[in-house]
Amino acid sequence: MRIDKFLWSTRYFKTRNIATTACKKGHVKINGLAAKPGREVFPMDQIVVRKNQIDYKFTVLDIPPSRVGAKLVDIYRKDTTPKEAFEHNELLQYSKDYYRKKGIGRPTKKDRRDIEDYLETPSKNDESKTVEPDNNSKEVED
């Protein structure tokens, strides 16, 4: 079975086209070598798939006849992905949320509000609260 079809049938990718693209980009390795989409997969092959910044590692146990259900995937492969890969991904998510280099790009909405709060003085707040009626209204009388 082709590697792109195997990855699709074992539910690593949603479509076969996405699996083919991942193979072409070099995100799939069989026994340490980059695999083209048409490369054949055999039992006991070691496969590494780079997806969402995680290197999924697994061993092929058997070749499925076609796409299998999620509960039956473990019959055809043995997952050997280390736990550190998932922990590293969680830490990466936290760092993306709270980290932005100062002076790069436009300020975010939160940054802008913080700057406005810092620049406001108490006297400006008091003046804006006392609103005097405007005598120069533009009402048209018939």
Side-chain angles (χ1 to χ4, degrees), residues 1-140:
M1 177 181 277
R2 294 168 53 113
I3 183 66
D4 60 345
K5 188 173 182 181
F6 179 82
L7 293 172
W8 167 75
S9 63
T10 54
R11 299 186 173 266
Y12 274 95
F13 293 100
K14 188 174 183 179
T15 65
R16 191 164 164 195
N17 190 24
I18 296 171
T20 302
T21 305
C23 292
K24 287 179 181 177
K25 288 183 178 179
H27 295 238
V28 179
K29 295 183 180 183
I30 300 176
N31 298 327
L33 300 173
K36 292 182 179 179
R39 170 85 187 267
E40 292 291 319
V41 178
F42 301 103
M44 302 312 295
D45 279 346
Q46 302 288 327
I47 299 177
V48 177
V49 177
R50 177 107 173 134
K51 183 179 170 188
N52 298 332
Q53 298 183 345
I54 298 176
D55 288 333
Y56 294 97
K57 299 177 184 179
F58 60 94
T59 305
V60 178
L61 299 178
D62 197 10
I63 306 297
S66 62
R67 189 167 169 95
V68 295
K71 293 181 181 179
L72 302 176
V73 169
D74 290 332
I75 297 171
Y76 301 103
R77 58 117 172 125
K78 181 182 178 189
D79 192 8
T80 57
T81 306
K83 301 284 184 202
E84 293 84 31
F86 297 107
E87 292 170 359
H88 175 68
N89 193 34
E90 289 179 18
L91 292 175
L92 188 63
Q93 292 296 326
Y94 286 128
S95 67
K96 282 183 180 177
D97 291 341
Y98 297 108
Y99 179 72
R100 187 175 73 89
K101 290 184 180 178
K102 297 287 183 185
I104 294 183
R106 294 174 53 180
T108 62
K109 187 180 255 187
K110 182 182 183 314
D111 292 339
R112 182 181 53 79
R113 287 179 179 156
D114 290 342
I115 291 169
E116 286 177 357
D117 289 342
Y118 177 74
L119 294 177
E120 283 185 0
T121 59
S123 61
K124 282 187 177 181
N125 285 339
D126 293 339
E127 290 174 8
S128 63
K129 288 181 183 176
T130 57
V131 177
E132 296 180 15
D134 188 15
N135 293 335
N136 298 330
S137 62
K138 296 183 178 180
E139 293 181 3
V140 178

Would I47 and V60 satisfy side chain to side chain contact (heavy atoms under 4.5 Å, CB included), going step by step from the backbone distance to the final call?
CA-CA 8 Å; I47 299 177; V60 178; 3.5 Å; yes

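- K110 meets the side-chain hydrogen bond (donor to acceptor under 3.5 Å, both in side chains) test with D114; sequence neighbours excluded.
- Looking at residues two or more places apart in sequence or on another chain, you find no side chain to side chain contact (heavy atoms under 4.5 Å, CB included) involving K71.
- By the side chain to side chain contact (heavy atoms under 4.5 Å, CB included) test, D55 pairs with V48, R50, sequence neighbours left out.
- With hydrogens and angles left out, the side-chain atoms of T20 and N17 include no donor and acceptor closer than 3.5 Å.
- For D74, the side chain to side chain contact (heavy atoms under 4.5 Å, CB included) partners are R77, not counting sequence neighbours.
- Looking at heavy atoms from C-beta onward, K5 lies out of side-chain contact with R67 at the 4.5 angstrom threshold.
- Atom NE2 of H27 is separated from atom CG of L7 by 12.5 Å, given to the nearest 0.5 angstrom.
- For R112, the salt bridge (charged side-chain N to carboxylate O under 4.0 Å, His left out) criterion is met by E116, not counting sequence neighbours.
- For N52, there are no side-chain hydrogen bond (donor to acceptor under 3.5 Å, both in side chains) partners, not counting sequence neighbours.
- Closest approach of A22 to F13, counting heavy atoms only: CB-CZ, 3.7 Å.
- Between V68 and V73 the shortest side-chain heavy-atom distance falls below 4.5 Å.
- Here salt bridge (Lys or Arg N to Asp or Glu O under 4.0 Å) pairs that include residues 18-31, with residues two or more places apart or in two chains, number zero.
- Every ring-ring contact (aromatic ring centres under 6.0 Å, His included) that F58 has, sequence neighbours left out, goes to Y12.
- A search for side-chain hydrogen bond (donor to acceptor under 3.5 Å, both in side chains) contacts involving T21 returns nothing, not counting sequence neighbours.
- Atom CZ of F86 is separated from atom OH of Y56 by 5.0 Å, given to the nearest 0.5 angstrom.
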Distance-only donor-acceptor pairs under 3.5 Å for side chains of residues 30-43, two or more places apart:
residue: N31; atom: OD1; partner: Q46; partner atom: N; Å: 2.9
residue: N31; atom: ND2; partner: D45; partner atom: OD1; Å: 3.3
residue: E40; atom: OE1; partner: M1; partner atom: N; Å: 2.8

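- For P82, the side chain to side chain contact (heavy atoms under 4.5 Å, CB included) partners two or more places apart in sequence, or in a different chain, are K57, E84.
- Every salt bridge (charged side-chain N to carboxylate O under 4.0 Å, His left out) that R16 has, sequence neighbours left out, goes to D4.
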